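Here it is, the structure in full.
Source: prediction; values computed, not measured. Proteins come first, then strands; the chains are lettered A, B, ... in the order of their sequence lines, and each starts at number 1.
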There are 2 protein chains.
Amino acid sequence: MGQATNSKTGQSKAAPSKGAELAELRRRLESYMDSEGLRSTEQRRAVTEEFFRSKGHLTIDDLLAQVRKENPKVGYATVYRTLKMLADSGVANERHFNDGLSRYEIAHLGHHHDHLICTECDAILEFEDEEIERLQEELARKKGFQLTRHKHELYGHCISPKYCRKDKK
Amino acid sequence: MGQATNSKTGQSKAAPSKGAELAELRRRLESYMDSEGLRSTEQRRAVTEEFFRSKGHLTIDDLLAQVRKENPKVGYATVYRTLKMLADSGVANERHFNDGLSRYEIAHLGHHHDHLICTECDAILEFEDEEIERLQEELARKKGFQLTRHKHELYGHCISPKYCRKDKK
DNA sequence: CTCTCTGCAAAGCCTTTGCACGGCA
DNA sequence: TGCCGTGCAAAGGCTTTGCAGAGAG
């Protein structure tokens, strides 16, 4: 992939800025809602804004709590349904780590990533490793499989106690 | 670890035969039950036998159905509790793939493995890849993490339609 | 005889759904 | 005004738990 540099921002196309990526996701959502005839309501805007404002990996409860700070009348089911909509439109990914909850993260454009999860402070880091992805493909081919997706989660704890505290979250 | 060969069976210690591994697991379970003061009941024996007889990755329903063929009076909760006991003793691993069900597999002695799952025929293959494990460790170290466990699942479908059929399971 | 185990049913937990009302377009 | 969206509450689906009776040691 080329490293075409944007002369205005200094950002390359291969790694667009956070802001540019969010703008693209908003456009994607808008066109999805248009094409599906979905309406823009106060609740959907509230949930969507809170979602984009977040750092991702939120549970439905997390998000609902945030949304209700500004908009106390929003219901449980609406958040569920709105997040499903965000996932269907491709701007959110639903994830299931080992706590039995659904979490939603902001989608990344054009590349997959996996997660490193601290079981002490609940931090969730994202990672990408091309070499591992390549080995996975190779392995699947050897076993006679065509891969469609994968799930790779590394659990452990931050080495530095300074940044790893139960109360940090 | 050495490659001492067993003169009787030709099996090396590093890769014990299936039968030898099962025998070791049974011993492990027995000593666990002894140490915890757990009793050997007809139901526990039935569930445990069926579990060891299986090829693993069974859901609780799968196992209960099997057990009830011989022993119709066994209850749901007993199977849950017995499988928890098997997991606690280290002879079973609880796994959660993407269907919301708990599955139990026969533990392997001294080595970790991951899974390749066919979303067409529901086949579950195990794999081990030292290179991937090494890269994981390296990656975690770079991110300042100490790994304790991981979950690596590859989803796809068998390339050969001959061996990949919905009705196969 | 004591203390654990079992089976049933109920309760938990999270997610999904049905339905009447409310509000976009 | 016609429909879609919302909120509430109930229903689902799987797992866990409480309890009285059964059974191992």
Side-chain angles (χ1 to χ4, degrees), chain A residues 29-51 57-89 92-105, chain B residues 29-51 57-89 92-104 122:
Chain A
L29 175 59
E30 195 178 347
S31 84
Y32 175 81
M33 292 179 74
D34 275 2
S35 72
E36 299 288 316
L38 300 171
R39 294 174 180 173
S40 174
T41 65
E42 194 181 338
Q43 293 90 331
R44 281 181 178 168
R45 284 189 297 274
V47 173
T48 303
E49 277 317 301
E50 198 51 50
F51 172 71
H57 308 112
L58 299 112
T59 64
I60 277 135
D61 274 319
D62 290 341
L63 202 46
L64 181 60
Q66 282 300 326
V67 169
R68 279 189 171 159
K69 284 184 185 173
E70 306 258 317
N71 213 327
K73 61 176 190 267
V74 173
Y76 228 90
T78 299
V79 178
Y80 270 92
R81 289 187 276 226
T82 302
L83 285 170
K84 284 278 181 264
M85 177 187 79
L86 295 181
D88 290 343
S89 75
N93 296 134
E94 189 177 333
R95 299 278 188 178
H96 297 271
F97 301 133
N98 267 2
D99 53 9
L101 300 173
S102 294
R103 287 169 188 273
Y104 290 83
E105 67 180 15
Chain B
L29 174 60
E30 194 178 348
S31 85
Y32 176 81
M33 292 180 72
D34 274 2
S35 71
E36 300 289 315
L38 299 171
R39 292 174 181 174
S40 174
T41 65
E42 192 181 339
Q43 293 90 331
R44 282 182 176 166
R45 284 189 297 273
V47 173
T48 302
E49 278 317 301
E50 197 51 50
F51 173 72
H57 308 113
L58 298 112
T59 64
I60 277 136
D61 274 319
D62 290 342
L63 201 46
L64 181 61
Q66 281 301 328
V67 169
R68 280 190 170 158
K69 283 184 184 172
E70 305 260 316
N71 213 326
K73 62 175 187 268
V74 173
Y76 229 89
T78 299
V79 178
Y80 271 91
R81 288 186 278 227
T82 303
L83 286 170
K84 285 276 181 264
M85 176 187 79
L86 295 182
D88 290 342
S89 75
N93 296 134
E94 189 177 331
R95 300 278 188 178
H96 297 270
F97 300 133
N98 268 4
D99 55 6
L101 300 172
S102 295
R103 288 169 187 275
Y104 290 82
D122 299 327

request  = Would you mind reading off the distance between Glu36(A) atom CD and dC4(D) atom C1', rounded to a whole angstrom?
outcome  =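 Distance check: Glu36(A) CD to dC4(D) C1' gives 13 Å.
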query = Between the side chain of Arg95(A) and the main-chain N/O of Ser102(A), is any donor-acceptor distance below 3.5 Å?
reply =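 Not at all, since once roles are kept as given, no pair shorter than 3.5 Å links the two residues.
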Residue whose closest nucleotide on DNA chain D lies nearer the 5' end, Val79(A) versus His96(B) =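 The answer here is Val79(A).
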message = I need the CD1-C1' distance between Ile60(B) and dC14(D), as an integer number of Å.
response =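 From Ile60(B) CD1 to dC14(D) C1': 9 Å.
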message = I'd like to check the salt bridge (charged side-chain N to carboxylate O under 4.0 Å, His left out) partners of Glu49(B); sequence neighbours left out, ordered by chain and number.
response =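 Scan of Glu49(B) (salt bridge (charged side-chain N to carboxylate O under 4.0 Å, His left out), adjacent residues dropped) gives Arg26(B).
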remark   = Dot-bracket assigned to DNA chain D with the 3.5 Å Watson-Crick/G-U criterion, [ ] for crossing and | for other-strand pairs, is |||||||||||||||||||||||||
ask   = Any donor and acceptor pair, going by atom type alone, linking the side chain of Thr78(B) with main-chain N or O of Val74(B) inside 3.5 Å?
value =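 Checked: no pair found.
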task = Measure the distance from CD on Gln43(A) to C1' on dG5(D) and round it to the nearest whole Å.
result =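 So the CD-C1' distance, Gln43(A) to dG5(D), works out to 8 Å.
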Distance in angstrom units between Tyr80(A) OH and dC8(D) P, rounded =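 So the OH-P distance, Tyr80(A) to dC8(D), works out to 15 Å.
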task = Using atom CG of Leu83(B) as one end and atom C1' of dT16(D) as the other, report the distance to the nearest whole Å.
result =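 Nearest whole value for this atom pair: 14 Å.
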key: salt bridge (charged side-chain N to carboxylate O under 4.0 Å, His left out): pairs with one or both residues in residues 75-89 of chain B, sequence neighbours excluded   =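 Qualifying pairs, neighbours excluded: Lys84(B)-Glu94(B).
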Contact list (N/O, under 3.5 angstrom) for nucleotides 19-25 of chain D vs protein:
unit_1: dG23(D); atom_1: N2; unit_2: Arg39(B); atom_2: NH1; d: 2.5
unit_1: dA24(D); atom_1: N3; unit_2: Arg39(B); atom_2: NH1; d: 3.2
unit_1: dG25(D); atom_1: OP1; unit_2: Ser40(B); atom_2: N; d: 3.4

key: All salt bridge (charged side-chain N to carboxylate O under 4.0 Å, His left out) counterparts of Asp34(B), not counting sequence neighbours   =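 By the salt bridge (charged side-chain N to carboxylate O under 4.0 Å, His left out) rule, Asp34(B) matches no residue at all.
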query = Can you list every pair that meets ring-ring contact (aromatic ring centres under 6.0 Å, His included) and has a residue in residues 57-78 of chain A, with sequence neighbours left out?
reply =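 Sorted result for residues 57-78 of chain A: His57(A)-His115(A), Tyr76(A)-Tyr80(A).
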query = Within this structure, what is the OH-to-C1' distance between Tyr76(A) and dG12(D), rounded to whole angstrom?
reply =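 Spelled out: OH on Tyr76(A) to C1' on dG12(D) is 16 Å.
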ask   = Residues in salt bridge (charged side-chain N to carboxylate O under 4.0 Å, His left out) with Arg68(B), at least two apart?
value =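 Once residues adjacent in sequence are excluded, Arg68(B) has no partner under the salt bridge (charged side-chain N to carboxylate O under 4.0 Å, His left out) criterion.
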request  = Shoot me the first and last contacting nucleotide of DNA chain C against chain A, ordered 5' to 3', at under 4.0 angstrom to non-hydrogen atoms.
outcome  =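 The contacted stretch runs from dC14(C) to dA25(C).
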ask   = Taking atom P of dT6(D) as reference, at what distance in whole Å does atom CG of Leu64(A) sit?
value =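 After rounding, the reported distance stands at 13 Å.
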ask   = For Arg39(A), what residues pass the side chain to side chain donor-acceptor pair (under 3.5 Å) criterion, not counting sequence neighbours?
value =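 Residues passing side chain to side chain donor-acceptor pair (under 3.5 Å) with Arg39(A): none at all.
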task = State which residues pass side chain to side chain donor-acceptor pair (under 3.5 Å) with Thr59(A); sequence neighbours excluded, sorted by chain then number.
result =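 Partners of Thr59(A) by the side chain to side chain donor-acceptor pair (under 3.5 Å) criterion, ordered by chain and then number, come out as Asp62(A).
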key: By ring-ring contact (aromatic ring centres under 6.0 Å, His included) - contacts of Tyr32(B) (at least two apart)   =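 Result, ring-ring contact (aromatic ring centres under 6.0 Å, His included) vs Tyr32(B): none returned.
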inquiry  = Going by the rule salt bridge (charged side-chain N to carboxylate O under 4.0 Å, His left out), which residues pair with Glu30(A) if we only count those two or more places apart in sequence or in a different chain?
reply    =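 For Glu30(A), no residue satisfies salt bridge (charged side-chain N to carboxylate O under 4.0 Å, His left out) once neighbours in sequence are set aside.
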